[in-house]
Undergrad: 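Supplied in structure tokens, the structure appears directly below.
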Amino acid sequence: MRRGVGLLLVCALAMGGAPPAAGQPTSQPSALRMAITRDEGALNPYTYQTGYPGWNLMTLIYEPLFTPDADNIPQPWLVRQYTVSQDGRTWTFALHPNIRWHDGRPFTADDVRFTYEYVRRNPHSRWTGQVRTIESIETSGPTGLTIRLNAPSSGFAAQPLADLPILPRHIWENVANPRQFNDVVGSGPYRLAEMRDGQFYRLVANDQYFAGRPKVRELVLPIIRDATVTFTALRAGEIDTTVRPLAPEVVAEFERAAGMRVARGAGYASTILQFNAEHPVLREPKLRVAIANAINTRLMVRLLLLGYGVVGSPGYIHPSSPFYNPAVTFTASKSRAVQLLNELNYVDRNGDGIRDLPDGAALRFTLLTLAGNPVRIRGADLIRSWLRDVGIDVRVVAQEDASIIAQVWPDFDVCKGRRFDMAVFGWSAPVMNRTTALRDLFHSDCRQGTINIGGYRNPALDRLGADLAAAVDPARQKQILFEMQKIVAADLPVHTLFYQDGIYAYRPDRHAAWVYQKGQGIVNKLSFIDPPRR
Amino acid sequence: MSTLAAAAGLPAVRRRPALGAAGWAGVLVLAALVVMALFAPSLSPHDPEETVGDPFQPPSRAHWLGTNDIGQDIASELIHGARISLTIGFLAAAIAVGIGTAVGVVAGYFGGWTEATLMRAVDLVLVVPFLPLMILLAAYLGPSFWNIIIVIGALVWARPARVIRAQVLAVKALDYVEAACAIGCRHGRVIVRHILPSVLPLALAQFILAASNAILIEASLSFLGLGDPTAKSWGTVLYYAQARNAFLSGAWVWWVIPPGVLITAATLGFAFTGFALEEVLNPRMRGRRGAG
């Protein structure tokens with residue numbers, strides 16, 4: 001129903017051109033039109049709606065202290081220099097001296113201190129947890145700042161430093177109910193000039209920006225809910241680009257189209273076969289390895305993504321990531337799958353073509369998959385037919401998002417357990433970017449393995465996870481992550497199927513200086529402004 | 001229609017008119033589709049579950065209607081799809097007509113407050129906006145083969161119930177029924193021996209019409225992604241075509257039009273047959289047409 005209604009609205013939008021005639025924004029001809037998919041609230045840190053592209057657009061207006069570079073390594077942005085103490089617990093920053101809020105007031109270290117304390121007092125699903133490691137914050141003068149942590153934290157630069165946008169204290173200090181507060185005065189390269197609910201946003205370059213003038217004068221963001229309408233508008237030249245990635249089946253066509261260019265790069269969102277490691281049968285790693293051996297991930301990438309993707313790495317980490325361990329590999333082999341199943345003594349005892357457990361029960365599982373996602377449904381169907389070939393019976397059940405979550409990840413809280421066999425699941429790109437991703441994914445303590453939805457348990461991995469969380473030195477982090485990938489690849493608590501490439505189409509005559517941020521795509525601050533000189 | 005002319009030419013109302021040209025056309029189309037469903041494995045060039053080529057191929061000698069998003073033969077999908085689409089149509093219609101007949105007979109036979117209650121329920125189902133209710137129900141129950149059948153069955157029983165009740169009212173007033181009552185036959189016996197046989201032909205016509213409706217509903221639900229996405233019905237083929245951008249890439253010519261034509265054919269086939277049967281079997285309609 002949602003889609004039906006969306007389609008109607010979108011038709012209305014498309015007929016009026018984009019943005020709609022009724023609410024025509026007063027845009028200059030130089031405006032860059034980038035279609036977004038839904039309303040994003042007031043685009044401030046407490047009202048933006050989506051992790052992508054909402055956060056990316058919001059951070060054009062409100063800025064965190066650091067910003068991830070094209071390789072996703074957090075780099076100082078509002079910060080001119082910083083030092084970390086030997087014990088990893090004290091971070092000292094010097095801010096750029098000439099930053100101003102959009103209303104002209106100076107941006108100071110006091111605003112930073114205020115923000116970090118504000119998100120602690122006013123719960124926010126994304127940031128309140130990130131600032132929990134902070135013991136104290138002190139300012140010295142308008143640009144000096146010292147943050148002390150209660151323990152060294154490997155992920156601190158990524159989250160919160162490069163994630164939590166700074167709020168202006170003079171506007172927010174008396175705001176008691178931030179979710180109802182729609183102010184949009186930030187410090188970023190763009191300020192919000194106009195917005196109309198459900199129709200469009202118009203952002204205008206901030207000429208006083210401390211790092212120089214943004215490359216695009218004006219950014220118009222029409223909301224187009226339907227993918228087909230979005231891409232038809234792009235091809236017709238009614239919009240210049242879109243935050244939507246291009247579907248594999250239309251890439252070739254957009255590459256051929258006149259006046260259109262396609263940017264393609266690594267995508268960090270994963271598609272995985274998630275096992276319930278607490279399942280009485282699937283808890284056996286050898287069975288999971290046998291299942292993985294029956295699945296032809298190469299063919300999946302060719303069929304489902306038409307080659308626009310990367311075959312999953314058994315250690316979960318994407319081969320383009322700086323933390324990828326190239327020594328960890330996996331090559332599927334059907335005969336190996338058969339051999340492992342035989343070794344486990346799972347053989348067909350009653351001649352129905354399905355292997356049976358020693359107690360006589362058939363080797364039969366339910367595979368959950370998301371009903372709204374054709375790639376995942378098709379993927380699940382391929383897995384079903386390949387597992388059938390080695391004598392494992394799989395029933396594919398496609399369900400809505402909410403009912404999948406209720407079984408796989410009740411209340412988004414791993415501590416609440418799980419009831420499923422296997423699921424075709426996936427994690428979004430930010431998970432790959434977490435320094436502690438492998439601890440979060442596989443630590444057996446549900447407060448540390450916050451996304452260990454399979455309930456996987458391995459003391460060796462737990463120890464490494466704890467070491468990782470406290471490691472501040474990147475070389476040490478890499479060393480630990482290499483070890484963790486080996487364990488994951490041997491046990492396969494999840495079987496990583498593939499990572500779909502990010503593919504984006506744009507009109508280069510309108511704006512060509514797009515920066516592809518690894519795993520994330522072209523909608524990022526670096527596409528609109530160069531990093532500040534230190 | 002020839003039946004009309006024939007009926008108008010002959011004043012005798014008692015004579016049953018023959019199935020008209022449209023009716024025969026409907027029966028032929030239906031027969032063709034049923035044959036297609038029955039002999040799907042030998043008719044289809046490939047196994048529809050098997051990846052037999054590259055994905056997104058345009059029509060060729062090997063694949064008359066090209067391949068879908070995972071390289072399955074679309075023509076074979078459609079031939080096998082007849083099985084699921086027709087099965088769902090028949091089963092849902094059977095449920096709908098089953099409920100409708102039970103409600104119609106009970107309401108018509110017993111009358112009084114039983115009738116009032118049941119017929120208000122019928123009115124309720126008839127006036128509730130159909131499409132939103134159907135989508136809501138399907139989304140609530142979740143996508144599966146049987147849920148789709150239940151949703152359709154639960155929503156299209158009202159019309160058969162009305163038609164059958166009217167017929168029961170007429171039959172009930174006939175002498176032999178009154179006689180049966182007078183000699184003290186139990187209600188159950190009267191209903192089974194006298195009422196049901198006289199409404200069954202009507203129920204058959206209603207069944208065919210409900211099946212036509214059910215196939216259309218199944219296709220719409222599946223297209224919206226509310227059907228069972230792993231069952232190969234015509235609606236599911238359309239769902240994947242839309243989800244994998246057939247409208248953007250030009251593949252709609254061989255990926256959207258053929259299932260559309262099949263759905264239309266099945267719906268029309270059922271509808272023509274049903275209307276023609278209704279005309280033949282419904283004594284009220286026969287009378288009206290005869291007089292006009």
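Everything numeric in this text was worked out from a predicted model, so none of it was measured. So you know, we letter chains A, B, ... as the sequences are listed, proteins then strands, and number each from 1.
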Undergrad: Does some side-chain heavy atom of Arg378(A) sit less than 4.5 Å from a side-chain heavy atom of Asn68(B)?
TA: yes
Undergrad: Nearest 0.5 Å please: distance from the CZ atom of Phe247(B) over to the OG1 atom of Thr232(A).
TA: 11.0 Å
Undergrad: With a sphere of 6.0 Å drawn around CZ of Arg395(A), does it hold more than 12 non-hydrogen atoms of other residues, nucleotides or ligands?
TA: no
Undergrad: What part of Asp228(B) lies closer than 4.5 angstrom to a heavy atom of chain A: side chain, backbone, both or neither?
TA: neither
Undergrad: Relative to chain B, which of Leu306(A), Val375(A), Asn373(A), Val396(A) shows the most heavy atom pairs under 4.5 Å?
TA: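 If we count pairs closer than 4.5 Å to chain B, Leu306(A) comes out on top.
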Undergrad: Taking atom OG of Ser249(B) and atom CZ of Phe254(A), what is their separation to the nearest 0.5 Å?
TA: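 Here the interatomic distance stands at 10.5 Å.
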Undergrad: Where does Ser144(B) contact chain A at under 4.5 Å (heavy atoms): side chain, backbone, both or neither?
TA: neither
Undergrad: Can you tell whether the side chains of Glu49(B) and Arg388(A) come within less than 4.0 Å, N to carboxylate O?
TA: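 So Glu49(B) does not pair with Arg388(A) through a salt bridge.
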Undergrad: Taking only residues at least two apart or on different chains, which pairs with a member in residues 252-265 of chain A satisfy side-chain hydrogen bond (donor to acceptor under 3.5 Å, both in side chains)?
TA: Arg235(A)-Glu253(A), Arg264(A)-Asp501(A)
Undergrad: Less than 4.5 Å apart, side chain to side chain, heavy atoms only: is that true for Leu248(B) and Glu249(A)?
TA: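 Not touching, per the 4.5 Å side-chain cut-off.
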Undergrad: Please look at Leu382(A) and chain B and tell me whether the side chain, the backbone, both or neither of the residue comes under 4.5 angstrom of a heavy atom of that chain.
TA: side chain
Undergrad: Tell me, which pairs form a side-chain hydrogen bond (donor to acceptor under 3.5 Å, both in side chains) where one or both residues lie in residues 211-225 of chain B, sequence neighbours left out?
TA: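 side-chain hydrogen bond (donor to acceptor under 3.5 Å, both in side chains) check on residues 211-225 of chain B returns Glu218(B)-Ser222(B), Glu218(B)-Ser233(B).
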Undergrad: Using non-hydrogen atoms only, which part of Leu304(A) is less than 4.5 Å away from chain B: side chain, backbone, both, or neither?
TA: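 Both backbone and side chain of Leu304(A) come within 4.5 Å of chain B.
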Undergrad: So which atom in Ala371(A) and which in Tyr239(B) form the shortest heavy-atom distance, rounded to 0.1 Å?
TA: O-OH, 3.2 Å
Undergrad: Chain B heavy atoms under 4.5 Å from Ser385(A): which part of the residue, side chain, backbone, both or neither?
TA: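 When you check distances to chain B, no heavy atom of Ser385(A) falls under 4.5 Å.
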Undergrad: Compare every heavy atom of Leu303(A) with every heavy atom of Gly53(B), then report the nearest pair and how far apart it is.
TA: O-CD2, 4.5 Å
